[in-house]
Amino acid sequence: MRRLLPDPAGLDDAGLVEAYRLPPGRALRVNFIASLDGATTVAGRSRGLQSPGDLAVFQVLRALADAVLVGAGTAAAEGYGPMSDDSTVSRMRVALGRPATAPIVVVSRRASVDPSGRLVGGDADSPTICVTCEAADADRRSALVAAGVDVLVCGEDDVDLPLALERLAERGFEHVTCEGGPALLHSALDAGVVDELDLSIAPALVGGGVRLVGEPLADIARLELRQLLEEDGMLFARYSVREPGPR
Ligand SMILES: NC(=O)c1ccc[n+]([C@@H]2O[C@H](COP(=O)([O-])OP(=O)(O)OC[C@H]3O[C@@H](n4cnc5c(N)ncnc54)[C@H](OP(=O)(O)O)[C@@H]3O)[C@@H](O)[C@H]2O)c1
């Protein structure tokens, strides 16, 4: 891995961690991989775009996170489970002086997490959290609570993302890494809660597929390039999201 911006240098594993470290305080960073034409999937999953370098960045962002936020669609499509306490990420976390695991926080208006699915139950050190809203079916919510899911109700008809992040921060989950998907990114941008986009840009053209942000945003999100890394033709851009202001 090499850094192209701001100061060109080779990066070893420790250097890659430093390249993505956040200052103390609250932050929501969003991690995505996309092709040059903005596709985030090949045949419905992001795997077709990935590379070893992208996996390394993904692992670093998980290692640095207090919690991993994900939309219910992505959790289902990508087969999410709880973070394992015996994995590359958990070993990185321990080496960084952090708890071995962090919770997976699934955002779902309908509380659609499967109470008997991979994300639920077991003896996970960090139980899954489901962020939902009052409008979600009460039986579904109760079934999740009974299955050991921590259900956070934030908002009435829809999930109130600023409130959800507030509630997570109150529990000590300040650095949140969001792993998508596009619908969640869209609402997080519209809600003005995204601080950073960590985008892996795959040197590929896919056509069709699920776009990074599907429907038009209420307002264009303006980003500022903070850092650019490269490995095997894959670019790893770290953008900060600018406060909305005069254009
Ligand atoms: N390339 C990448 O880096 C990347 C990353 C992530 C995902 N993906 C791909 O994206 C696809 C999934 O796309 P998607 O847009 O459906 O994913 P998504 O945003 O993960 O999931 C959409 C679902 O999540 C819930 N949700 C999202 N935002 C919400 C909000 N603000 N409030 C309440 N609920 C919210 C809703 O669940 P309920 O219906 O349960 O209410 C909604 O139906 C998959 O194919 C996946 O592989 C690619």
### Task
For the residue pair Ser200 and Asp54, confirm or rule out a side-chain donor-acceptor distance under 3.5 Å.
yes

### Query
How many angstroms lie between atom CG of Leu189 and atom CG of Leu184, to the nearest 0.5 angstrom?
9.5 Å

### Task
Using modelled atom types only, decide if a donor and an acceptor are shared between the side chain of Ser90 and the backbone of Asp85 within a distance under 3.5 Å.
yes

### Query
Would Tyr20 and Leu229 count as a side chain to side chain contact (heavy atoms under 4.5 Å, CB included) if you check the C-alpha gap in whole Å, the side-chain angles of each, and the deciding distance to 0.1 Å?
CA-CA 11 Å; Tyr20 282 97; Leu229 313 182; 3.8 Å; yes

### Query
When you look at Ser51 and Asp232, which way does the side chain to side chain contact (heavy atoms under 4.5 Å, CB included) test go after all the steps?
CA-CA 8 Å; Ser51 70; Asp232 294 333; 5.9 Å; no

### Task
For His186 and Pro216, indicate whether the former's side chain and the latter's backbone hold a donor-acceptor pair under 3.5 Å.
yes

#### Entry: Minimum-distance pair of heavy atoms, taken over all atoms of Glu230 and Leu4
CB-CD1, 3.8 Å

### Message
Can you confirm whether Glu170 is buried at CD, in the sense that more than 12 heavy atoms of other residues, nucleotides or ligands lie under 6.0 Å from that atom?
### Response
yes

#### Entry: Common cluster, Val42/Leu205, ILVMFWY with side-chain heavy-atom separation under 4.5 Å
no

### Message
Side-chain heavy atoms nearer than 4.5 Å, only ILVMFWY residues, links allowed to pass through others: does that put Val131 and Val193 together?
### Response
yes

### Those residues that, when tested against Glu174, pass salt bridge (Lys or Arg N to Asp or Glu O under 4.0 Å) (two or more places apart)
none

### Between Ser116 and Asp114: side-chain donor-acceptor atoms closer than 3.5 Å
yes

### Expected output: side-chain Arg62 to main-chain Val89 donor-acceptor under 3.5 Å
no

### Query
Are Glu18 and Leu11 side-chain neighbours, meaning at least one heavy-atom pair lies under 4.5 Å?
no

### Message
Checking Leu96 now: which residues fulfil side chain to side chain contact (heavy atoms under 4.5 Å, CB included) with it, not counting sequence neighbours?
### Response
Val17, Arg21, Ala63, Leu64, Arg98

### Message
Using 0.5 Å steps for rounding, measure from the OG1 atom of Thr40 to the CG atom of Leu49.
### Response
7.5 Å

### Message
When you compare the side chain of Val153 with that of Glu134, does any pair of heavy atoms fall below 4.5 Å?
### Response
yes

### Task
Going by the side chain to side chain contact (heavy atoms under 4.5 Å, CB included) test, name the single residue among Val107, Val30, Val106 that passes it with Leu69.
Val107

### Task
Output yes when a side-chain donor or acceptor of Arg26 lies under 3.5 Å from a complementary backbone atom of Val176, and no otherwise.
no

### Query
Rounded to the nearest 0.5 Å, how far does CD1 of Ile129 lie from CG of Leu168?
5.5 Å

### Cationic N near anionic O, under 4.0 Å, Glu224 to Arg222
no

### Message
Test side chain to side chain contact (heavy atoms under 4.5 Å, CB included) on Cys154 and Arg167; report intermediate values, then the result.
### Response
CA-CA 8 Å; Cys154 298; Arg167 299 277 300 276; 4.0 Å; yes

### Task
Answer yes or no: is there a donor N or O on one side and an acceptor on the other, between the side chain of Thr177 and the main chain of Ala65, under 3.5 Å?
no

### Query
Which atom names give the shortest non-hydrogen contact between Ser84 and Ser87, and what distance separates them?
O-OG, 3.3 Å

### Query
Under a single-linkage definition using a 4.5 Å side-chain heavy-atom cutoff for Ile, Leu, Val, Met, Phe, Trp and Tyr, are Val57 and Leu228 assigned to the same hydrophobic cluster?
no

#### Entry: Polar side-chain atom of Gln227 near backbone of Ala19 as donor-acceptor pair, under 3.5 Å
yes

#### Entry: Gap between atom CZ of Arg140 and atom OG of Ser108 - 0.5 Å precision
7.5 Å

#### Entry: Any residue meeting salt bridge (Lys or Arg N to Asp or Glu O under 4.0 Å) with Glu231, in chain and number order, not counting sequence neighbours
none

### Query
Is it the case that one hydrophobic cluster holds both Leu197 and Leu165, taking links as side-chain heavy atoms less than 4.5 Å apart, direct or via other members?
yes

### Message
Main chain of Ser46, side chain of Glu78: is a donor-acceptor contact present, judged purely on distance under 3.5 Å?
### Response
yes

### Query
Under a single-linkage definition using a 4.5 Å side-chain heavy-atom cutoff for Ile, Leu, Val, Met, Phe, Trp and Tyr, are Met83 and Phe173 assigned to the same hydrophobic cluster?
no

### Task
Identify the two heavy atoms, one from Gly81 and one from Arg118, that lie closest to each other, and give their separation to 0.1 Å.
N-NH1, 3.6 Å

### Query
For Arg141, which residues count as a side chain to side chain donor-acceptor pair (under 3.5 Å) partner, sequence neighbours excluded?
none

### Summary
The side chain to side chain contact (heavy atoms under 4.5 Å, CB included) partners of Leu22 (sequence neighbours excluded) come to Ala27, Arg29, His175, Glu196, Arg238

### Task
Could I get the full list of salt bridge (Lys or Arg N to Asp or Glu O under 4.0 Å) partners for Asp150, not counting sequence neighbours?
Arg171

### Query
Donor-acceptor pair, Thr128 side chain versus Leu119 backbone, under 3.5 Å?
yes

### Message
Go through it in stages, so that I can follow the logic: the residues are Cys178 and Leu28, the test is side chain to side chain contact (heavy atoms under 4.5 Å, CB included), and I'd like the CA-CA distance, side-chain angles, deciding distance and then a yes or no.
### Response
CA-CA 7 Å; Cys178 174; Leu28 176 66; 4.0 Å; yes

### Message
Does any part of the side chain of Thr74, heavy atoms only, come nearer than 4.5 Å to the side chain of Glu179, both counted from C-beta?
### Response
no

### Message
To check you understand the geometry: which heavy-atom pair defines the closest contact between Ala191 and Pro162, and what is its length?
### Response
CB-CD, 4.2 Å

### Query
Between CG of Asp160 and OG of Ser187, what distance do you get to the nearest 0.5 Å?
11.0 Å

### Query
How long is the gap from CE on Met1 to CZ on Phe236, to the nearest 0.5 Å?
4.0 Å

### Query
So, for Asp190 and Ala218, which heavy atoms are closest and what is the spacing to 0.1 Å?
OD1-N, 3.0 Å

### Query
What is the minimum heavy-atom distance between Phe32 and Gly181, and which atoms define it?
CZ-C, 3.5 Å

#### Entry: Arg47 atom CZ, over 12 foreign heavy atoms within 6.0 Å
no

